[in-house]
2 protein chains.
Amino acid sequence: MTERELRLKTAEIEKISHIDYFNIAISVDCVIFGYDDKELKVLLIKSDLEEFAGLFSLLGDLIRPDEDLETASYRILKERTGLDDVYLEQVQAFGSIKRHPSGRVITIAYYSLIDIKHHKMQLSHNELNWHPVNELKKLAFDHKLILDTCLLRLQQRVLETPIVFNLLPEKFSLRELQELYEAILGIGLDRRNFRKKISIKDWLIDIGEIENDVPHRPGKLYKLKPELKIKPARRKLQPGKS
Amino acid sequence: MTERELRLKTAEIEKISHIDYFNIAISVDCVIFGYDDKELKVLLIKSDLEEFAGLFSLLGDLIRPDEDLETASYRILKERTGLDDVYLEQVQAFGSIKRHPSGRVITIAYYSLIDIKHHKMQLSHNELNWHPVNELKKLAFDHKLILDTCLLRLQQRVLETPIVFNLLPEKFSLRELQELYEAILGIGLDRRNFRKKISIKDWLIDIGEIENDVPHRPGKLYKLKPELKIKPARRKLQPGKS
DNA sequence: TAATAAATATGTACTTACGACACATTAATT
DNA sequence: AATTAATGTGTCGTAAGTACATATTTATTA
């Protein structure tokens with residue numbers, strides 16, 4: 001920096017530091033994906049802002065000064081779903097000037113993948129609900145944009161890396177897996193080619209069991225190879241917080 | 001005031017501002033890639049923090065309350081290089097608690113691609129220099145991590161989308177293009193297969209000219225099809241700012 | 001109990017992408 | 001005119017992707 005630039009910067013900081021520069025809030029928003037009833041779903045809450053009356057919004061919160069971005073995301077997930085062992089991935093930041101009606105808030109978007117039927121899962125209250133991703137038209141803030149961006153990222157990831165299994169129970173059939181891929185990608189897949197593709201990836205173990213709750217010939221059950229399970233760095237939450 | 005006093009004062013103000021519990025500062029850091037002498041380079045500046053004496057850092061600045069994230073990135077690029085028509089892509093946010101010694105600063109990383117030889121380019125001052133990406137070991141802050149992350153993203157993008165041309169002059173030979181890909185990917189490529197691959201993508205126009213400054217048989221010159229040029233939404237900078 | 005229905009499980013042929021590799025051509029240099 | 005060094009193309013074998021058909025197994029129904 002030149003001396004001239006430094007002078008300018010100093011003057012600038014003195015003038016507006018507390019008024020402006022540090023008047024930008026930072027939040028984390030989580031796109032929490034789940035899978036149920038052959039549909040990809042997302043966990044939403046009714047917006048509590050007047051401007052967005054009747055609309056749903058993603059789950060988010062301001063970042064605390066003493067927590068990492070990921071820690072904040074894990075905290076939100078834990079608070080809202082009771083789960084602390086989830087897949088989480090940062091997507092990107094959203095920071096349009098007018099994205100939040102109450103002031104300048106820059107948000108960092110994460111998506112996470114959750115097994116809706118997981119025994120430990122418990123939604124924090126009753127205005128929190130799973131919504132089919134396909135049926136959503138409008139959300140509060142710029143959350144539809146964030147959701148779409150996260151879905152796109154998810155669609156890219158599932159083809160390369162074994163993350164979809166976070167959406168399924170431990171044991172699953174190949175049909176269930178295919179239906180999940182179809183729900184995420186939004187397209188139909190050829191059963192034979194799908195199985196070939198999965199087989200080549202060598203992600204699964206045949207556990208020697210079969211489905212027992214289907215009204216037709218039961219399929220074999222598989223599970224993900226243990227060494228491929230993505231273990232999220234389990235973050236320690238703030239003491240005193242559930 | 002001397003320059004040193006100014007620096008101290010700046011640091012002091014920044015530090016004080018950061019003490020407040022709920023105040024987190026937010027910045028943008030730009031990984032500005034260039035290509036020259038068959039090497040991928042990145043534009044760095046000497047760090048002005050004592051903690052990082054002797055180390056280089058990326059170009060960044062705090063985000064102003066009245067500018068979008070992209071606007072802030074464009075501003076930095078314009079201030080530092082004089083260019084305002086550049087390719088820019090957000091990568092992700094970095095927000096470890098202790099990544100900045102003066103306080104909590106969350107930063108959003110962008111990378112951009114610049115033709116170093118562009119006639120309009122002019123570095124803002126002489127402590128600003130191009131460094132070969134391969135030779136960098138340690139940078140100030142977590143900037144090495146940011147750089148590596150951006151490079152990885154770049155490597156993924158160049159295979160799918162025609163962005164590398166932002167690093168080249170308008171006209172180029174296939175050899176130059178191949179050398180650029182090799183520099184970005186860090187691997188050698190087979191000339192015949194490379195040309196086949198580029199040919200299939202149908203990105204280029206043969207402009208009917210040949211190289212004229214090479215000490216051997218000159219190659220044909222090409223340019224990117226105009227409709228494939230990625231036109232960055234040219235952001236309006238703040239009035240009063242160059 | 002036997003026939004039927006519905007889903008599982010698997011294989012083949014065709015096309016397309018990828019990688020290793022060789023030879024003729026052109027322009028500058030000697 | 002011969003030499004050198006890079007340009008410019010083509011082929012072949014392998015791997016992956018896509019379209020597509022038949023036999024098998026279980027639950028259900030008559």
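These values consider heavy atoms only, across backbone and side chains, with no hydrogens, waters or symmetry-generated copies. Every chain is numbered from 1 and lettered A, B, ... according to where its sequence line falls, protein lines coming before strand lines.
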message: Expected output is a numbered-order residue list: members of residues 152-160 of chain A with a heavy atom under 4.0 Å from any atom of DNA chain C. What is it?
response: none
field: Close approaches to DNA chain C from residues 185-200 of chain A, in residue order (heavy atom, under 4.0 Å)
entry: Arg191(A), Arg192(A), Arg195(A), Lys196(A)
query: Roughly how far, to the nearest 0.5 Å, is the CG atom of Leu59(A) from the CG atom of Leu44(A)?
result: 7.0 Å
field: Atom pair CD1 (Ile63(A)) and CD1 (Ile106(A)), whose distance is rounded to the nearest 0.5 Å
entry: 10.0 Å
Are [X] and [Y] close enough that a side-chain donor and a side-chain acceptor fall under 3.5 Å?
| X | Y | answer |
| --- | --- | --- |
| Ser96(A) | Asp68(B) | no |
| Tyr87(B) | Glu89(B) | yes |
| Glu182(B) | Gln178(B) | yes |
| Thr107(A) | Ser27(A) | yes |

- prompt: Only one of Val158(A), Leu228(A), Leu224(A) clears side-chain contact (heavy atoms from CB on, under 4.5 Å) with Ile163(A); which?
  reply: Val158(A)
field: Non-hydrogen side-chain atoms of Trp130(B) and Ile32(B) separated by less than 4.5 Å
entry: yes
statement: Footprint ends on DNA chain D, 5' to 3', for atoms under 4.0 angstrom from a heavy atom of chain A, come out as dT18(D) to dA27(D)
- line: Rounded to whole Å, CD of Glu179(A) lies from P of dA7(C) at a distance of 10 Å
field: Validation row, ring centre Phe172(A) to ring centre Tyr222(A) under 6.0 Å
entry: no
- prompt: Below 6.0 angstrom between ring centroids: does that apply to Phe141(A) and Phe94(A)?
  reply: no
